[in-house]
Number of protein chains: 2
Amino acid sequence: MGGSEIRRTMPLFPIGIVMQLADLSARQIRYYEEHELISPARTEGNRRLFSLNDIDRLLEIKDLLEQGINMAGIKKILAVSQKESVERDPVAKKPEMTDDELRTLLKKEMLSPGKISRSSLRAGDLSRFFR
Amino acid sequence: MGGSEIRRTMPLFPIGIVMQLADLSARQIRYYEEHELISPARTEGNRRLFSLNDIDRLLEIKDLLEQGINMAGIKKILAVSQKESVERDPVAKKPEMTDDELRTLLKKEMLSPGKISRSSLRAGDLSRFFR
DNA sequence: ATTTAATGTGAGAAAACCTAACATGTTATT
DNA sequence: AATAACATGTTAGGTTTTCTCACATTAAAT
């Protein structure tokens, strides 16, 4: 788990917000969880709390569903794409990075990106909103 | 209005999450709102929804309060700092935490994921976590 | 000793979310 | 065409979270 992992996996959003961000119904989101495509955290009182990773994943699921892929297929695909993203993550791949390398990386992360309209959210977009 | 305004002003977080992120009680947060130091959005059902800007602001308020400044003073200061942050280049902005300090913090986070010490969070830091 | 400022606490109400069950609309299969 | 499987809608009843409002408490200033 790299440095950015911490933020991206922080359970922050209630389902109501996620519904808006991903444009999905509560029923859909819970259904995907039922099929183990996502595993949002829970509060002490059992309310779901979603991370940015969860939301990105939901956008991916939505995308794949629209391509006619079913739960089983999506599950397989997501399992692969997750493995890939871990291998591709520069921080995760080089945990023994020198201080200067890490410093350079962090500076790059601090750069401000441009604006994006929320209504046109697609899989992967969220990672550009939040880092 | 800068490009990043859209994301940073998006009402996303319920008060429960903000309490954890800023390490403040609900009472404190509502009190600051009562004194117009923050103006979180509301759901249709009247629940507060905080943006990243709101949370940064809360961290600033906390900071200023610890310095012994009262509501009135903080209000004035925040009015100024807001104006400045709009006019100032966000990248060139002088950090409250040096890059070295941030790097050290992030390293610690990488070693124990999910165990970010909230107390180490200060005003403005959040904008580096989320973009 | 008061007053003021910031925060704690509790009550009662409402919103948001939970699970579970059943219903509906599609698509695939027989 | 009938049936089955899949994804989603809907409703019901219950729990958690948040709301406002009021009163209490603590610490600092007068």
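Every heavy atom of this structure was used, including side-chain atoms; hydrogens, water molecules and symmetry mates were not. A, B, ... follow the sequence lines: proteins, then strands. Residue 1 opens every chain. Since this is a predicted model, take the numbers as computed values, not measurements.
- With rounding to the nearest 0.5 Å, the separation of CG in D56(A) from OG in S51(A) is 8.5 Å.
- The distance between atom CD of E34(B) and atom P of dA22(D), rounded to the nearest whole Å, is 12 Å.
- Neither OP1 nor OP2 of dA15(C) sits under 4.0 Å from any side-chain N or O of T43(B).
- For L65(B) and dA28(D), the CG to P distance is 14 Å, given to the nearest whole Å.
- Considering only the side chain of S25(B), dG8(C) comes nearest among dC17(C), dG8(C), dT17(D).
- Rounding to whole angstrom units, CD1 of residue I69(B) and P of dA5(C) are separated by 16 Å.
- Separation of atoms CD (E36(A)) and CD1 (I74(A)) is listed at 14.0 Å; rounding is to 0.5 Å.
- Atom NZ of K75(B) is separated from atom P of dA6(C) by 13 Å (rounded to the nearest Å).
- Comparing dG9(D), dC19(D), dA6(C) against the side chain of R27(A) picks out dG9(D) as the nearest.
- Per the geometry, CD1 belonging to I15(A) stands 15 Å off C1' belonging to dT15(D), to the nearest Å.
- Taken from CG in L59(A) to CG in D54(A), the straight-line distance is 11.0 Å, to the nearest 0.5 Å.
- Among the heavy atoms of the strands lying under 4.0 Å from R30(B) is at least one base atom, whether or not backbone atoms are also near.
- As a whole-Å value, the separation of M19(A) CE from dA15(C) P is 16 Å.
- If you measure from atom CZ of R47(B) to atom C1' of dA16(C), you get 7 Å, rounded to the nearest angstrom.
- Across the protein-nucleic acid pair, Y31(A) atom OH and dA7(D) atom P stand 4 Å apart, rounded to whole Å.
- Distance from the side chain of N70(B) is smallest for dA6(C) among the nucleotides dT18(D), dT7(C), dA6(C).
- Here CD1 of I38(B) is found 8.5 Å from CZ of R57(B). Values are rounded to the nearest 0.5 Å.
- For R48(A) and dC18(C), the shortest distance from a side-chain N or O to OP1 or OP2 is below 4.0 Å.
- Distance NE2/H35(B) to CD1/I61(B): 11.0 Å, rounded to 0.5 Å.
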